[in-house]
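Residues: numbered from 1 along the sequence shown.
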Amino acid sequence: MAEALRVGIAGLGTVGASVVRVLAEKADELTRQCGRSIAVTAVSARDRSRDRGISLDNVKWFEDPAALAKSADIDVFVELIGGEEGAARQSVRAALDAGRHVVTANKALLARHGLTLAEVAEKKGVLLNYEAAVAGGIPVIKTLREALAGNSVGRIFGILNGTCNYILTRMEAEGLSFDECLKDAQRLGYAEADPTFDIEGHDTAHKLAILTSIAFGCRISAGDIYMEGISNITQADIQAAGELGYRIKLLGVAQATETGIEQRVHPTMVPTASVIAQVHGVTNAVAIETDILGELLLSGPGAGGNATASAVIGDIADIAKSRPGFQHGPVFGWPAKELKPYRKARMRAHAGGYFIRLTVHDRIGVFAAIAKRMADSDISLESIVQHAGGKRSDDQKTVILVTHETTEAAVRRAVEGITRDGHLIDKPQVIRIERAG
Ligand code: HSE
């Protein structure tokens, strides 16, 4: 049997500890599957004395993750530190430069520096595996890179952040406040170290940037993503969505259009009957539409120690199974030097339906003024409903509009006009509607 694959792990938080534990528990199965054993030989973590419930006997400790990354004691460097700069970036770069394979769950790092890191990995002939970086335990990277080779993707969209989906699900099902749900997500180990990364859409954007590159064969361009988070979603929106046959999800969407590729992250109305609307709690889902296969939906646990560890271990096992001389596939499915520049579609050209919730003064002419602004912007309305829900005073009414397909530019123009008319009590709420089967 071949020699053991020696693994060094930097970062022993929820995910790192799960990886060490599962590698020990599943040692026999993994050895039989890979034809060699997998041994954690070295680790690096901030707090050496903390009880993580795992055995680290005979494992070498490194204070400096970059020193571990370069160490001759390991074949694979597993980066679970997180963050797009600092120790994570330095240690991954050091490992690749030293000719070590790398496994990482770090979406922020890949979204910002993935192209450079892929070029180094491909030059050195080592693997840079990152299944855990997108959608937790769902094998979406393998699916896109390997199973869907030859397919052209038209649209890829999904629920990519477990924390947001957990919050939205519980707000709807239990009527809880946003803050209560966020605290529970943190307690359960789903949220990022800084949860604003989750709730303001950054985490989804990082994952979407990676998916876009593989799906469309273009360079990663995280800075070009239109982004809105869920922190301004209220019970009023959730209830109105339900009444109209929709559910609110934070989606990341990448879509080929005539003017380029749209990349957007925002709260989205999806039909309650659609499959993606049935994805609840910390579960993630990715829908992929291609010319050959048609529509595919993958769903599964999107965050948490074991889900993420499952993807990390799959990546380590792929390295254990690889042999010298085996030609590794390119990191983003296409050789890094052949990735096309990203061609950005204009957000104002985005076409789709819109949900608009307005809190207005209850007086004569308001309804007519709103309808006129819509007509002036060539917006056709599917429905317009007025009710007293969420009323703070007798002078207040809620007006909910659902448009037929229109453009972002037209909706912004109409909403600016309505705001200027002076009938609004609160900021207007605009939520895009996404076509979903
Ligand atoms: N904070 C992330 C989430 C963890 O909630 O999905 C997985 O990337």
Side-chain angles (χ1 to χ4, degrees), residues 84 104-115 117-118 128-162 164-165 197-198 201-227 249-257 260-266 268 276 279 283-291 293 295-303 307-308 311 314-315 329-334 336 339-345 434 436:
E84 64 186 66
T104 178
N106 192 332
K107 52 261 164 166
L109 175 72
L110 291 166
R112 295 291 169 203
H113 306 295
L115 185 65
L117 296 172
L128 168 56
N129 287 349
Y130 53 91
E131 187 63 73
V134 181
I138 301 176
V140 63
I141 304 299
K142 278 192 207 303
T143 302
L144 274 175
R145 271 198 324 201
E146 296 160 30
L148 295 181
N151 281 264
S152 296
V153 175
R155 180 172 65 144
I156 181 164
F157 66 98
I159 296 170
L160 301 174
N161 184 269
C164 288
N165 207 47
F197 269 72
D198 297 293
H202 300 275
D203 180 75
T204 301
H206 291 147
K207 294 166 180 169
L208 181 68
I210 295 168
L211 291 181
T212 304
S213 174
I214 311 172
F216 297 99
C218 60
R219 294 186 197 139
I220 295 184
S221 193
D224 283 314
I225 297 181
Y226 176 83
M227 197 170 66
K249 297 289 181 190
L250 182 77
L251 293 189
V253 185
Q255 180 171 11
T257 74
I261 298 168
E262 273 184 11
Q263 288 190 100
R264 47 193 169 84
V265 171
H266 49 72
T268 310
I276 204 148
V279 175
T283 307
N284 280 194
V286 187
I288 309 170
E289 296 170 354
T290 84
D291 56 349
L293 177 66
E295 290 178 25
L296 172 70
L297 185 93
L298 305 168
S299 98
T308 314
D315 278 350
V331 175
F332 292 108
W334 315 67
L339 290 168
K340 295 173 290 192
Y342 168 68
R343 194 161 73 95
K344 182 183 177 181
E434 192 72 23

Using modelled atom types and a 3.5 Å cut-off, is there a donor and acceptor pairing between side-chain atoms of [X] and backbone atoms of [Y]?
| X | Y | value |
| --- | --- | --- |
| Ser221 | Gly223 | no |
| Glu262 | Thr257 | no |
| Asn165 | Asn284 | no |
| Ser213 | Cys218 | yes |
| Asp198 | Cys164 | no |

Distance in Å, [X] [atom1] paired with [Y] [atom2], rounded so as to fall on 0.5 Å steps:
| X | Y | atom1 | atom2 | result |
| --- | --- | --- | --- | --- |
| Phe157 | Leu297 | CZ | CG | 7.5 Å |
| Leu339 | Trp334 | CG | CH2 | 8.5 Å |
| Leu148 | Leu296 | CG | CG | 6.5 Å |
| Ile225 | Ile261 | CD1 | CD1 | 11.5 Å |
| Glu84 | His113 | CD | NE2 | 5.5 Å |
| Leu110 | Tyr130 | CG | OH | 7.0 Å |

Original post:
Given the rule in the side chain to side chain contact (heavy atoms under 4.5 Å, CB included) test, do Val265 and Tyr226 qualify, once you have shown the distances and angles that lead to the verdict?
Top reply: CA-CA 6 Å; Val265 171; Tyr226 176 83; over 6 Å; no
Decide yes or no for [X] and [Y]: does some side-chain heavy atom of the first lie under 4.5 Å from some side-chain heavy atom of the second?
| X | Y | answer |
| --- | --- | --- |
| Ile159 | Leu250 | no |
| Leu211 | Ile156 | yes |
| Arg264 | Gln255 | yes |

Over all heavy atoms of both residues, which pair between [X] and [Y] is shortest? Give the atoms and the distance, please.
| X | Y | result |
| --- | --- | --- |
| Ala132 | Ala105 | CB-CB, 3.7 Å |
| Ile138 | Gly300 | CD1-N, 3.4 Å |
| Ala111 | Ile220 | O-CG2, 3.1 Å |
| Thr283 | Ser299 | CG2-OG, 4.3 Å |
| Ala118 | Leu128 | N-CD2, 4.1 Å |
| Gly158 | Ile276 | CA-CD1, 4.2 Å |

**OP:** Run the numbers on Leu251 and Glu434 for side chain to side chain contact (heavy atoms under 4.5 Å, CB included), then give the verdict.
**Re:** CA-CA 9 Å; Leu251 293 189; Glu434 192 72 23; 4.1 Å; yes
**OP:** Tell me, with the steps shown, if Val134 and Val140 meet side chain to side chain contact (heavy atoms under 4.5 Å, CB included).
**Re:** CA-CA 7 Å; Val134 181; Val140 63; 3.9 Å; yes
Original post:
Can you find a side-chain donor-acceptor pair between Thr268 and His266 that sits under 3.5 Å?
Top reply: yes
**OP:** Would you check if there is a donor-acceptor pair between the side chains of Thr212 and Gln263 at a distance under 3.5 Å?
**Re:** yes
**OP:** Hey, could you give me each pair passing side-chain hydrogen bond (donor to acceptor under 3.5 Å, both in side chains) that has a residue in residues 139-151? Not counting sequence neighbours.
**Re:** Lys142-Asp318, Asn151-Thr290
Original post:
Does the separation of the ring centres of Phe332 and Phe216 fall below 6.0 angstrom?
Top reply: no
**OP:** For residues 203-220, pull every pair meeting salt bridge (charged side-chain N to carboxylate O under 4.0 Å, His left out), keeping only residues two or more places apart or in separate chains.
**Re:** Lys107-Asp203, Asp203-Lys207
Original post:
Ion pair present between Glu295 and Arg155, side-chain N to carboxylate O less than 4.0 angstrom?
Top reply: no
